[in-house]
Structures are given as structure tokens and as C-alpha cells.
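Beneath this line is the structure, given in C-alpha cells, with notes to follow.
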There are 2 protein chains.
Amino acid sequence: MLTQAAEDYLKSIYKLQEKGGKVSTGILAEYLDVKPASATGMIKKLKSMNLVSHQRYQGVTLTDAGKAVALEIIRHHRLLELYLNKALGVPWDGVHEEAEKLEHVISEDVEARMDEFLGYPTADPHGSPIPDKNGVVPETQSIPMTDIQNGQSCVVAEVSDDDSALLRHLGSFNLYPGTAFQVLEVAPFDGPFTIDIAGQQAVIGREVAKNIFVNKVDTIDIA
Amino acid sequence: MLTQAAEDYLKSIYKLQEKGGKVSTGILAEYLDVKPASATGMIKKLKSMNLVSHQRYQGVTLTDAGKAVALEIIRHHRLLELYLNKALGVPWDGVHEEAEKLEHVISEDVEARMDEFLGYPTADPHGSPIPDKNGVVPETQSIPMTDIQNGQSCVVAEVSDDDSALLRHLGSFNLYPGTAFQVLEVAPFDGPFTIDIAGQQAVIGREVAKNIFVNKVDTIDIA
DNA sequence: AAATTATTTTAGGCATAACTAAATTATATA
DNA sequence: TATATAATTTAGTTATGCCTAAAATAATTT
């Protein structure tokens with residue numbers, strides 16, 4: 001059995017690897033809010049278990065075994081988030097924190113039952129893809145909202161899950177995955193976005209927009 | 001926050017206290033499968049937190065604060081058992097093990113939501129009373145099956161929850177809480193019980209019967 | 001090549017929780 | 001009441017796990 005800390009390291013390496021290939025000790029340490037020396041220590045431990053590859057000064061990479069573990073934890077986390085939201089009505093800004101604790105203790109049996117209850121879903125309440133039980137991650141090709149031009153219509157695909165204040169803010173505009181909106185105006189000099197959501201106007205700051213990923217659509221369905 | 005070990009000690013002290021008043025270090029150690037010296041160590045720690053009273057060689061007792069914590073954990077455990085069984089279909093011989101891990105991690109919010117989903121239940125799948133959110137334990141007055149005489153009819157009230165093989169065995173006879181049966185014969189010299197469950201005969205050994213608690217009834221409802 | 005930056009090693013700290021062995025205290029027995 | 005037995009406590013040890021600061025080393029930049 002792996003410790004909770006080891007599982008957290010693997011999960012973090014996976015997520016950082018997604019964004020930018022090799023994961024340096026420093027980046028990993030910063031992400032986990034520990035000192036680089038601590039990260040080096042855990043990396044050595046994970047390497048001895050053949051869960052990561054690592055050569056000094058070259059950064060870490062997950063091995064196939066390590067990736068499998070990381071994906072399993074991520075699957076736990078995202079299924080739990082969706083289950084807590086759908087089955088127990090936990091608001092979407094609260095599920096992350098709860099899942100963070102439960103993901104390390106839930107059994108495969110209970111996970112399978114939640115999966116079945118939910119109808120084998122492919123995304124959590126924030127739009128993040130849920131790996132299947134073999135570790136296959138559903139493909140997504142969303143783009144950052146900050147790349148969207150004036151007049152373009154889009155649908156929210158995914159938002160960051162770990163900042164509950166941000167999630168409450170997005171919720172107040174109904175900016176959940178699946179929600180359509182049109183960009184009315186992008187203020188110059190990296191200014192805020194004015195958007196139209198189902199007839200309501202809203203102003204979304206750039207720092208907020210960075211946490212929103214969307215798919216472009218040709219026209220908005222007017223419901 | 002308390003450690004998991006500390007919570008387990010408090011829970012154990014509560015349970016042992018239920019049966020026989022003062023809880024000696026030795027009994028506690030045996031129950032938790034540690035050496036007496038280890039129990040002494042944890043008792044000192046809990047005492048320093050005002051969760052137990054203890055005077056050397058005199059055994060431990062929970063303080064009001066300690067009892068509140070113990071009841072909270074027990075409530076977590078039993079609600080989880082029932083939730084896993086009713087909402088996710090986990091078989092009754094599997095819920096204990098799962099709840100044992102989850103009870104230390106679940107939030108009060110999620111607990112309240114499970115409670116509501118279940119309709120504010122008062123007993124878990126094994127018939128053990130579920131303390132309410134203020135720590136009030138529903139009264140029960142069941143008696144050991146081993147005290148039942150020939151010819152007496154009873155209804156299963158509660159069974160031990162921690163031996164899954166035993167639970168599967170009882171399940172094979174339909175001996176769930178609420179099930180009625182009649183004692184047809186008690187073999188002499190502390191021998192087994194022959195009983196009638198809905199027309200089916202079964203032989204229940206004494207060691208098994210010790211784990212079953214019942215309420216006497218005058219007659220069996222013939223369904 | 002020197003200076004800067006990043007990483008790794010070393011050595012040690014702290015928390016938790018278990019253990020053994022020996023000393024102490026309580027209880028039972030002769 | 002003295003003594004033997006049992007239970008408990010103390011003291012010191014072990015093991016795990018994760019962390020840090022400081023020093024050493026490697027890589028990168030100027």
C-alpha cells in the first residue's frame with residue numbers, strides 16, 4: 001500500500017506532466033507546497049518502487065505503473081466529486097475538498113458501485129474527464145477562454161476545481177460546464193470579457209477567465 | 001484534530017464501557033490488539049486532552065467530551081454502514097470494513113446529507129442503534145439469544161457487525177434484524193439451538209447464538 | 001570562466017504509535 | 001501478614017513517514 005503523501009505526489013506529477021512534459025523537482029515542490037529537498041526525497045522513494053523515472057537534475061516522469069496509480073486516484077477523485085454532487089447534493093464548490101480526503105480510502109468495490117449509479121460518466125462537475133477503470137482518459141479539446149475573440153459563441157467545457165470561492169463566483173453567473181455564452185466585448189490591454197449568458201450580461205475578469213476552458217460553437221441555441 | 005488511532009481508542013473505550021463499567025488497561029489493550037504498555041501511553045495522551053479520566057491502576061472512563069467524540073465516530077460508522085448498504089447495495093457483510101476507513105474522514109455535512117437520504121434512521125444494517133446528531137443513543141432492550149428457552153418466539157434485534165464470515169452465515173438463514181423465528185429445541189449441555197424461520201428449520205451453534213440479540217414476542221406472524 | 005540558479009545530498013527534527021524490559025502497585029493466597 | 005501472582009506503569013527503544021536547513025554538486029546563464 002502507498003501512503004497518502006505518495007499518492008498525492010503521483011497525482012501531482014501526472015497533472016504537471018499533462019501541462020508541460022518533464023516535471024522538475026522545483027515545480028513539483030512548489031505545487032505541493034514543500035521544499036525541494038522534500039520532493040527529492042519522495043522522488044527517490046517512488047523511484048525505488050518503480051513508479052517514476054528520474055535521473056539527477058533531469059526531472060521526473062511517471063512510469064506506466066506510476067501513471068496507472070495516478071489515474072486511479074484521479075478517477076477516485078472525480079467520480080467522488082460527481083457522486084457527492086449528484087447523489088447527495090453537495091454543492092459544486094464543496095466537492096473537491098471532500099473528495100480530496102475520500103479518494104485515498106474508498107475501495108474499488110464502492111467505486112464501481114458509484115460508477116454504475118452514475119451511469120458510467122465521463123466528466124466530473126467541473127468538466128474534468130473521468131478516466132475509465134482501465135485508465136483511459138476521455139479525449140477533450142477545449143481551449144482557454146482567454147483565446148476567444150469578440151463575437152464568438154462558446155460552451156463551457158471545464159473549470160478549475162480547487163478554488164471554491166471562484167466556483168461560487170462562476171456559479172452565480174451559471175457558468176457550469178455545458179452553459180453556452182457569447183463574448184460581446186474583450187477590453188483592450190488584457191482587460192475583462194463582457195459576455196452574454198442566456199440574455200444576461202456579465203463581466204468576467206481575465207484572471208477568472210484563465211480558469212475557464214471552452215468549446216467554440218457557431219451559434220447559440222436560444223432556449 | 002484527533003489521530004485515527006486516538007479516535008479508535010475512544011470508540012473502543014466507549015464500547016467496553018457499555019458492557020462493564022470501568023475499562024482496565026489490559027482489557028482495552030486486548031480489544032485493540034496492542035500491548036498494555038501501548039494502551040497506557042495513549043490513555044495518558046487522551047487524558048492530557050481531557051477526553052478520558054484515569055487514575056493509575058483504576059481503569060479509564062470517558063469524560064463528557066470524550067464520550068461526545070466516541071459517539072460521533074460511532075454515528076459516522078453506523079450511518080455509513082446503512083448508507084453503503086441502502087444507497088450503493090454493498091452487502092451487509094462488507095459494510096463494516098468499508099465504514100471503518102470512511103468514518104475517520106467523512107465531513108459533518110456529508111453525514112447530514114446521508115442521514116436525510118436515509119430518513120433519519122435509528123439502526124444500522126446489523127441492528128446497532130445510531131446515535132443522533134446530539135449524541136443521544138436510541139434505547140434498545142434486546143437480550144442474548146442464549147437466554148431464550150424452548151418454544152419461545154423472538155425477532156432478531158441486533159448481531160455483531162465485525163465478523164463477515166459470521167454475517168454471511170447468518171444471511172444464509174435470513175437472520176437479519178427484524179426476522180422472526182421460534183426456538184424449537186435447545187440441546188442440553190450448552191448445545192446448539194434448533195429454530196424455525198418462516199417454516200424452514202435451522203441449527204444454530206452456541207458460539208453463533210452468542211452474537212445474536214433478540215426481542216421476545218408472544219406469537220410469530222405467519223406471513 | 002565566473003556567477004547564478006537549481007537540484008541533490010546530508011544530517012537531523014518532529015510526530016505518531018508501536019514495542020520490550022524492568023519497576024511498581026494491587027490483589028489473591030497461604 | 002507475608003508472599004506470590006497479576007496488572008499496570010515507567011523508561012527507553014524502534015520504526016515509519018515526512019519534513020527542513022545547510023552544504024555540496026550540477027546545470028545554466030552572462
Side-chain angles (χ1 to χ4, degrees), chain A residues 1-14 16-17 19-63 66 69-70 73 100-101 103-105, chain B residues 1-17 19-62 66 69-70 73 100-101 103-105:
Chain A
M1 261 312 291
L2 289 167
T3 63
Q4 186 166 322
E7 291 184 348
D8 286 337
Y9 271 88
L10 291 171
K11 191 172 66 162
S12 302
I13 295 166
Y14 179 86
L16 294 168
Q17 205 170 259
K19 304 212 192 284
K22 280 251 176 69
V23 178
S24 74
T25 305
I27 294 287
L28 179 59
E30 189 190 29
Y31 188 80
L32 285 162
D33 197 26
V34 296
K35 303 296 167 195
S38 308
T40 301
M42 182 60 87
I43 287 165
K44 281 173 79 170
K45 191 172 151 182
L46 294 172
K47 188 180 181 180
S48 79
M49 294 189 265
N50 283 309
L51 295 169
V52 301
S53 311
H54 179 242
Q55 353 206 50
R56 321 181 345 148
Y57 299 94
Q58 297 304 121
V60 243
T61 322
L62 295 174
T63 61
V69 173
I73 308 293
E100 205 66 17
K101 298 174 300 180
E103 65 186 8
H104 303 289
V105 261
Chain B
M1 263 312 292
L2 290 167
T3 61
Q4 188 165 322
E7 290 184 349
D8 286 338
Y9 271 88
L10 290 171
K11 194 173 66 162
S12 302
I13 294 166
Y14 179 85
K15 288 186 177 180
L16 292 170
Q17 205 169 258
K19 304 213 193 285
K22 284 253 176 68
V23 177
S24 74
T25 304
I27 294 288
L28 180 59
E30 188 190 28
Y31 187 80
L32 285 162
D33 198 26
V34 296
K35 303 295 169 197
S38 307
T40 301
M42 182 59 86
I43 287 166
K44 281 171 80 169
K45 190 172 153 183
L46 295 172
K47 188 180 180 180
S48 79
M49 295 189 264
N50 282 308
L51 295 169
V52 301
S53 310
H54 179 244
Q55 350 206 52
R56 321 187 338 156
Y57 297 93
Q58 297 304 119
V60 243
T61 322
L62 294 174
V69 173
I73 308 293
E100 204 67 17
K101 297 175 300 180
E103 64 185 9
H104 302 289
V105 176

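Not measured: the values here are computed from a predicted model. Reminder, nothing fancy here: chain letters follow the sequence lines and each chain counts from 1.
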| query | Just by distance, do the side chain of A:Lys47 and the backbone of A:His54 share a donor-acceptor pair under 3.5 Å? | reply | yes

| message | Tell me if a side-chain donor or acceptor on A:Lys11 pairs with a main-chain N or O of A:Ala70 at a distance below 3.5 Å. | response | no

Which nucleotide in the set [options] lies at the smallest distance from any side-chain heavy atom of [X]?
{"X": "B:His54", "options": "D:dA21, D:dT9, C:dT16", "result": "D:dT9"}
{"X": "B:Lys44", "options": "C:dA18, C:dC19, D:dT10", "result": "D:dT10"}
{"X": "B:Arg56", "options": "D:dT10, C:dT9, C:dA17", "result": "D:dT10"}
{"X": "B:Ala5", "options": "D:dC18, C:dA18, D:dC19", "result": "C:dA18"}
{"X": "A:Tyr57", "options": "C:dT25, C:dA18, C:dA6", "result": "C:dA6"}

Interatomic distance, [X] [atom1] vs [N] [atom2] [rounded to whole Å]:
{"X": "A:Tyr9", "N": "D:dG17", "atom1": "OH", "atom2": "P", "value": "14 Å"}
{"X": "A:His104", "N": "D:dC18", "atom1": "NE2", "atom2": "P", "value": "11 Å"}
{"X": "B:Lys35", "N": "D:dT10", "atom1": "NZ", "atom2": "P", "value": "20 Å"}
{"X": "B:Leu28", "N": "C:dA18", "atom1": "CG", "atom2": "P", "value": "11 Å"}
{"X": "B:Met42", "N": "C:dC19", "atom1": "CE", "atom2": "P", "value": "12 Å"}
{"X": "B:Gln4", "N": "D:dT16", "atom1": "CD", "atom2": "P", "value": "19 Å"}
{"X": "A:Gln58", "N": "C:dT8", "atom1": "CD", "atom2": "P", "value": "9 Å"}
{"X": "A:Gln55", "N": "C:dT7", "atom1": "CD", "atom2": "P", "value": "15 Å"}

| said: Applying side-chain contact (heavy atoms from CB on, under 4.5 Å) to B:Leu62 and B:Leu51, what does each step give before you reach the verdict? | reply: CA-CA 6 Å; B:Leu62 294 174; B:Leu51 295 169; over 6 Å; no

| message | Any base atoms under 4.0 Å from A:Thr25, or only sugar-phosphate, or nothing? Heavy atoms, all strands. | response | sugar-phosphate

| said: Using a heavy-atom cut-off of 4.0 Å across all strands, would you classify A:Thr40 as base, sugar-phosphate, or nothing? | reply: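 Base contact.
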
| task | Hunt down the Watson-Crick or G-U wobble partner of D:dT30, both distances under 3.5 Å, from any strand shown, or write none. | result | C:dA1

| query | Is there side-chain contact between B:Val60 and B:Thr25, with heavy atoms separated by less than 4.5 Å? | reply | no

| request: Between A:Thr3 and A:Ala37, just flag the one whose closest nucleotide in DNA chain D comes earlier from the 5' side. | output: A:Thr3

| request: Indicate whether OP1 or OP2 belonging to C:dA17 is found under 4.0 Å from a side-chain N or O atom of B:Lys45. | output: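 For B:Lys45, the contact criterion (side-chain N or O under 4.0 Å from OP1 or OP2 of C:dA17) is met.
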
| Candidate list A:Val23, A:Ile27, A:Leu28, test side chain to side chain contact (heavy atoms under 4.5 Å, CB included), partner A:Ser12, passing option |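 Looking at A:Val23, A:Ile27, A:Leu28, the match for A:Ser12 under the side chain to side chain contact (heavy atoms under 4.5 Å, CB included) is A:Leu28.
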
